[in-house]
Amino acid sequence: MTENQKVKKWVDWAVDLCKPNKVMWIDGDTKVLDELRNAAIKSGELIKLNQELLPGCYLHRSAINDVARSEDKTFVCTTKEEDAGPNNNWRPPKDMYTRLEGLFDGCMSGRTMYVIPFCMGPVGSPFAKLGVEITDSIYVVLNMDIMTRISPDVVKMLDSANDFVKCLHSTADLNEDNRLICHFPEDNGIWSINSGYGGNALLGKKCFALRIASYQAKQEGWLAEHMLIIGIENPKGEVHYICAAFPSACGKTNLAMLIPPEIYRKKGYKVWCVGDDIAWLRIGPDGRLWAINPENGYFGVVPGTNRQTNPNALATIATDTIYTNVVHNLDSNTVWWEGLDSNPPENAVDWRGEVWNGKTAAAKGAHPNSRFTTPARNCPCLSPEFENPMGVPISAIIFGGRRAKTAPLVYQARDFAHGVFVGSVLASETTAAQTGAVGVVRYDSMAMKPFCGYNMGDYFGHWLEIGKKLGDKAPAVFNVNWFRTDENGRFMWPGFGENMRVLEWILARCNDEINAIDTSIGYMPRPEDINTDGLGNKMPPMQELLRIDKELWQTEIKSIKEYYQTFGDHLPRQLWTELENLEGRLK
Ligand code: GTP
Ligand code: SPV
Ligand code: MN
């Protein structure tokens, strides 16, 4: 319980509306969480896995219609439609509140309401923010306990807090037709109903730390971004920090836990993970950009995770992890997924809960968007700066996506404003992380298309403003593409740990250690500037990876124009100028 009258009043109001049988406050007490876990095992919501092989690990299967973020059911409800922008679904707050009140009325009858005070960011950090999530799902409670900071200290902070984000969630009856994830940035509120899926239900994550926080950040002069944060330690022992924004399921967690190839490890290179999904960035007292990770765990894509691609993730998820929608191996009571190894279990249950034999089954056993939820402290390369209340100073910002053709392996923006342009025209193929078609190229500016809580035209303006304030202390901006394919549709770049080779060039550019070619799209390495030592039979076609196809770029310019027009007057003039400049250089 809290002493905060505002919180109490809001909880009382929610009790009246949702009509639960019982109200339970969650402050991280392990005995209470154990009881909830046991109740979930009893009801079948969780399966306790082999505790010798996977200590503290559990399996959850979601409803079959509830396996990814539902962007079509996600709304930003501002008084004025243009404040939400063309990037968001919009309804007037009044209408949406009325509809939601109808749906929430009595939705928890016969159930327990859990009230979870949580903190985004290191407890005690001036950049941390508080939220309270009300939910009727034990799965959500257990996941929030991993993903955010929940403790008696957080409850104490809340006691005297003026501000907190009100997060109201119910799985209700999981009816897709009535599924809604609604944001009220003007009221600091989030209402989510009829989904138990991560990004729809763990409201501290995308709903608060990106949609609501981006709105707050615009007002308060900072940035809330869909970015990983890593520190790269060089042989001299210096650590340089970078942020990278890639759309959902485009490689953030993998880059965040990167283990450098042997030739780099031998020289003394190391990569430290500060965050894998979200960064809150502010201008520090020294005038540079500083980042914290507001989260306390990882909600990561499972398929494709293995000893070669991401050994750190595999080590991280060996204990204290909730697996969602993977294969259940009944012989060993462990888990399996596509891309783990070439030895699928024969006596198993798939993500849908059906009998599954990996040797004969035609369908995949794990859902393509199956996930792990695991605490940051488990990560072998967790940065010593993870809990630093001031965060880490950022030397470079990287944008990237899945582009089969147009985007080269890497290029550098000419300056920060050009970098904002590069981020704004980021396009990527859609993935299984959101419902709907997979593999369709769409603009996903700064990897924030589904997460920017206000008009994206204004958001670009805000980025330009931050750039002006940073002046010559602004980080260098880059674009990468690990996903360029050859004529057979195969990825040309080996990716994963080998991405270190591109990071090395990026850092060399930041430290003024290497010249680049001034091309029409930005500064680029010569093929020989990317270190390919030790790649052996994985040697990629560097020339092809770094080729600029002018025809494709000219087509790209046409579609950027159409995209930019959707923002009308909200699109900063400066970005039109950047586009005209690019067009000129391509001629
Ligand atoms: P979200 O959690 O949805 O935000 O995803 P993410 O951006 O953290 O992506 P993640 O690192 O989980 O990777 C998503 C998928 O892309 C996984 O199946 C990875 O195996 C694959 N992937 C990641 N990095 C690379 C890479 O460098 N090359 C290739 N080919 N695939 C990659
Ligand atoms: C993403 O889709 O970008 C994720 C997973 O990180 S979710 O929390 O569902 O948004
Ligand atoms: Mn993400």
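Numbering of ligands and ligand atoms starts at 1, following listing order. Counting from 1, the numbers follow the sequence of the chain as shown. Note that the structure is predicted; figures quoted are calculated from it, not measured.
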Determine, stepwise, if the pair F372 / Y323 fulfils ring-ring contact (aromatic ring centres under 6.0 Å, His included).
CA-CA 5 Å; F372 55 74; Y323 290 90; 7.4 Å; no
Trace of the side chain to side chain contact (heavy atoms under 4.5 Å, CB included) decision for I397 with L289
CA-CA 10 Å; I397 288 176; L289 198 59; 4.1 Å; yes
Go through it in stages, so that I can follow the logic: the residues are E429 and R403, the test is salt bridge (charged side-chain N to carboxylate O under 4.0 Å, His left out), and I'd like the CA-CA distance, side-chain angles, deciding distance and then a yes or no.
CA-CA 7 Å; E429 293 155 19; R403 281 315 285 277; 5.8 Å; no
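Between K252 and ligand 2, not a single N/O pair is under 3.5 Å apart. Close N/O approach between R402 and ligand 1 is found [any backbone or side-chain N/O within under 3.5 Å]. For F451, no nitrogen or oxygen atom sits less than 3.5 Å from a nitrogen or oxygen atom of ligand 2, counting backbone and side chain alike. Not a single N or O atom of F491, backbone or side chain, sits closer than 3.5 Å to an N or O atom of ligand 1. At a 3.5 angstrom cut-off on N or O pairs, P303 counts as close to ligand 1. Between P494 and ligand 1, not a single N/O pair is under 3.5 Å apart. At a 3.5 angstrom cut-off on N or O pairs, K205 does not count as close to ligand 2. Remark: ligand 1 and F496 share an N or O pair separated by less than 3.5 Å (distance only, no angle test).
Here is the list of ligand 1 atoms found below 4.0 Å of a heavy atom in S248: 3 (O), 4 (O), 5 (O). Close contacts between ligand 2 and H226 involve ligand atoms 3 (O) [criterion: under 4.0 Å to a heavy atom]. Residue H226 has at least one heavy-atom neighbour below 4.0 Å for each of these atoms of ligand 1: 4 (O). Below 4.0 Å from some heavy atom of S248 lie the following atoms of ligand 2, by number and element: 1 (C), 2 (O), 3 (O). Within ligand 1, the atoms closer than 4.0 Å to a non-hydrogen atom of D277 are 4 (O), numbered from 1 in the order shown. Near F299, meaning under 4.0 Å from one of its heavy atoms, ligand 2 places the atoms 5 (C), 8 (O), 9 (O). Proximity to G199 (heavy-atom distance under 4.0 Å) selects the following atoms of ligand 2: 7 (S), 8 (O), 9 (O), 10 (O). Near P247, the atoms of ligand 1 lying under 4.0 angstrom from a non-hydrogen atom of the residue are 7 (O).
Under the salt bridge (Lys or Arg N to Asp or Glu O under 4.0 Å) criterion, R69 pairs with E71, sequence neighbours left out. Remark: R371 engages no residue in a salt bridge (Lys or Arg N to Asp or Glu O under 4.0 Å) (not counting sequence neighbours). Remark: S428 engages no residue in a side chain to side chain donor-acceptor pair (under 3.5 Å) (not counting sequence neighbours).
The closest side-chain heavy-atom distance from N89 to K73 is not below 4.5 Å. Counting only heavy atoms from C-beta outward, the side chains of L255 and L503 approach each other to under 4.5 Å. You'll find the side chain of E45 stays beyond 4.5 Å of the side chain of I47, heavy atoms only. Put simply, the side chain of M492 does not reach to within 4.5 Å of the side chain of T485, judged on heavy atoms.
At the shortest separation from atom 6 (P) of ligand 1 among protein heavy atoms lies K252 N, 3.3 Å. In this structure, the protein non-hydrogen atom closest to atom 9 (O) of ligand 1 is G251 N, 2.9 Å. Nearest protein heavy-atom neighbour of atom 5 (C) of ligand 2: R371 NH1, 3.4 Å. In terms of protein heavy-atom proximity, atom 19 (C) of ligand 1 is nearest to N254 ND2, 3.7 Å. With respect to atom 1 (C) of ligand 2, the closest heavy atom belonging to the protein is K206 NZ, 2.9 Å.
With a heavy-atom cut-off of 4.0 Å, D277 touches ligand 2 through its side chain alone. Residue N499 touches ligand 1 through its side chain alone, judged by heavy-atom distances below 4.0 Å.
Using a cutoff of 4.0 Å between basic side-chain nitrogens and carboxylate oxygens, E498 and R501 are scored as salt-bridged.
Side-chain contact, N325 with S370: no donor N or O sits under 3.5 Å from an acceptor N or O.
Residue contact check for ligand 1: F483 places a non-hydrogen atom closer than 4.0 Å to it. By the 4.0 Å heavy-atom criterion, Q434 is excluded from the residues contacting ligand 1. Contact between A249 and ligand 1 is present, with at least one heavy atom of the residue lying under 4.0 Å from the ligand. Heavy-atom separations between R371 and ligand 1 include at least one value shorter than 4.0 Å.
Distance alone, capped at 3.5 Å, is enough to place a donor-acceptor pair between the N87 side chain and the M456 backbone. Side-chain atoms of N481 come within 3.5 Å of backbone atoms of A407 as a donor-acceptor pair (strictly under, hydrogens ignored).
Between S195 and T171, the closest heavy-atom pair is O-CG2, 4.0 Å.
R282 forms no cation-pi arrangement with W290, by the criterion of a distance under 6.0 Å to the ring centre and an angle within 45° of the ring axis. Within the cation-pi definition used here (under 6.0 Å to the ring centroid, within 45° of the axis), R402 qualifies as a partner of F483.
Around the Mn ion (ligand 3), protein atoms of type N, O or S found under 2.8 Å number 3.
Under the 30°/60° scheme for interplanar angles, the aromatic rings of Y269 and Y264 are found to stand perpendicular.
With H226 as reference, F451 is the one residue of W280, F399, F246, F451 to meet the ring-ring contact (aromatic ring centres under 6.0 Å, His included) rule.
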